[in-house]
Amino acid sequence: MEEYAREPCPWRIVDDCGGAFAMGVIGGGLFQAVKGFRNAPSGISRRMTGSLVAVKQRAPIVGGQFAVWGGLFSTIDCSLVYLRKKEDPWNSIISGAATGGILAARSGVAAMTGSAVIGGMLLAMIEGVGILLTRFTSDQFKPQAPGEMSDPSVLGPSVVLNPEANYQ
């Protein structure tokens with residue numbers, strides 16, 4: 001159902017690219033803050049300065065790398081939706097494999113193949129978990145049989161209070 005809440009395909013690329021950049025900057029910023037703090041000279045002010053410098057230098061680079069991955073993945077995904085005329089988990093799996101392969105193209109055919117396999121398997125696991133969660137959570141929305149809750153005998157004996165009884 002979340003597929004219908006997403007942007008249409010040309011705008012999805014920009015949306016996913018921006019979201020991936022934000023995730024990369026936030027996650028990379030946290031990682032670089034810890035790394036800069038640990039690698040700085042002793043003293044709290046020097047460590048804080050080292051942390052800030054590391055975040056300012058490296059977090060935008062990590063965000064940019066995430067944005068490239070997100071943009072390429074969404075571009076391939078939208079192309080597959082256009083070519084196959086349907087949105088299903090196979091589009092994401094193929095997009096993950098193609099993205100991994102394309103981004104590793106400069107490292108040779110062996111690295112390309114390995115990255116494509118890893119990307120496809122990673123997206124297959126993500127899609128599989130999504131399908132399982134959808135199946136498990138959909139049980140609560142199944143309609144109940146009409147006789148289960150409308151039958152008053154399952155509630156047990158009822159207590160009738162007599163308003164005319166004299167309680168003392």
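Quick note: residue numbers are just sequence positions, from 1.
- Taking OG of Ser115 as the reference point, atom CG of Leu103 lies at 8.0 Å (rounded to 0.5 Å).
- By the neighbour-count criterion of 12 heavy atoms within 6.0 Å, atom CZ of Phe37 is densely surrounded, having more than that number from other residues, nucleotides or ligands.
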Report the C-alpha distance between Lys35 and Phe31 in whole Å, list the side-chain angles of each, state the deciding distance to 0.1 Å, and finish with yes or no for side-chain contact (heavy atoms from CB on, under 4.5 Å).
CA-CA 6 Å; Lys35 187 176 175 185; Phe31 181 80; 4.1 Å; yes
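- Of all the heavy atoms in Ala111 and Ala104, the pair that sits closest is O-CB, 3.8 Å.
- Considering only heavy atoms from C-beta on, Lys85 stays 4.5 Å or farther from Val81 through its side chain.
- A pairwise comparison of heavy atoms in Trp69 and Thr99 identifies NE1-CG2, 3.5 Å as the closest pair.
- Among residues two or more places apart in sequence or in another chain, the salt bridge (charged side-chain N to carboxylate O under 4.0 Å, His left out) test is passed with Asp15 by none.
- We find the CZ-SG distance between Arg12 and Cys17 to be 14.5 Å, quoted to the nearest 0.5 Å.
- The salt bridge (charged side-chain N to carboxylate O under 4.0 Å, His left out) test applied to Arg46 returns no partner, not counting sequence neighbours.
- Counting heavy atoms from C-beta on, the side chains of Val62 and Val25 never come closer than 4.5 Å.
- Here Ser107 contributes atom OG and Met112 contributes atom CE; the two are 10.0 Å apart, rounded to the nearest 0.5 Å.
- In this structure, the side chains of Ile13 and Cys78 come closer than 4.5 Å at one or more pairs of heavy atoms.
- Residues Trp90 and Arg84 are in side-chain contact: their nearest non-hydrogen atoms beyond the backbone lie under 4.5 Å apart.
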Enumerate donor-acceptor pairs with a distance under 3.5 Å from any side-chain N or O in residues 48-61 to protein atoms, sequence neighbours excluded.
unit_1	atom_1	unit_2	atom_2	d
Thr49	OG1	Ser45	O	2.8
Ser51	OG	Ala33	O	2.9

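- Counting only distance, with no hydrogens or angles, the side chain of Ser138 and the backbone of Arg135 share a donor-acceptor pair below 3.5 Å.
- Residues Leu80 and Asn91 come closest through the heavy atom pair CD1-O, 3.5 Å.
- Rounded to the nearest 0.5 angstrom, Ile93 CD1 and Leu122 CG are separated by 10.5 Å.
- Here Ile26 contributes atom CD1 and Phe21 contributes atom CZ; the two are 10.0 Å apart, rounded to the nearest 0.5 Å.
- For the pair Ser95/Leu123, no side-chain contact is recorded, criterion being any heavy-atom separation below 4.5 Å from C-beta on.
- Here the CD1-OG1 distance, from Ile118 to Thr113, works out to 11.5 Å after rounding to the nearest 0.5 Å.
- Using a 4.5 Å heavy-atom cutoff, the side chains of Ile102 and Ile76 are in contact.
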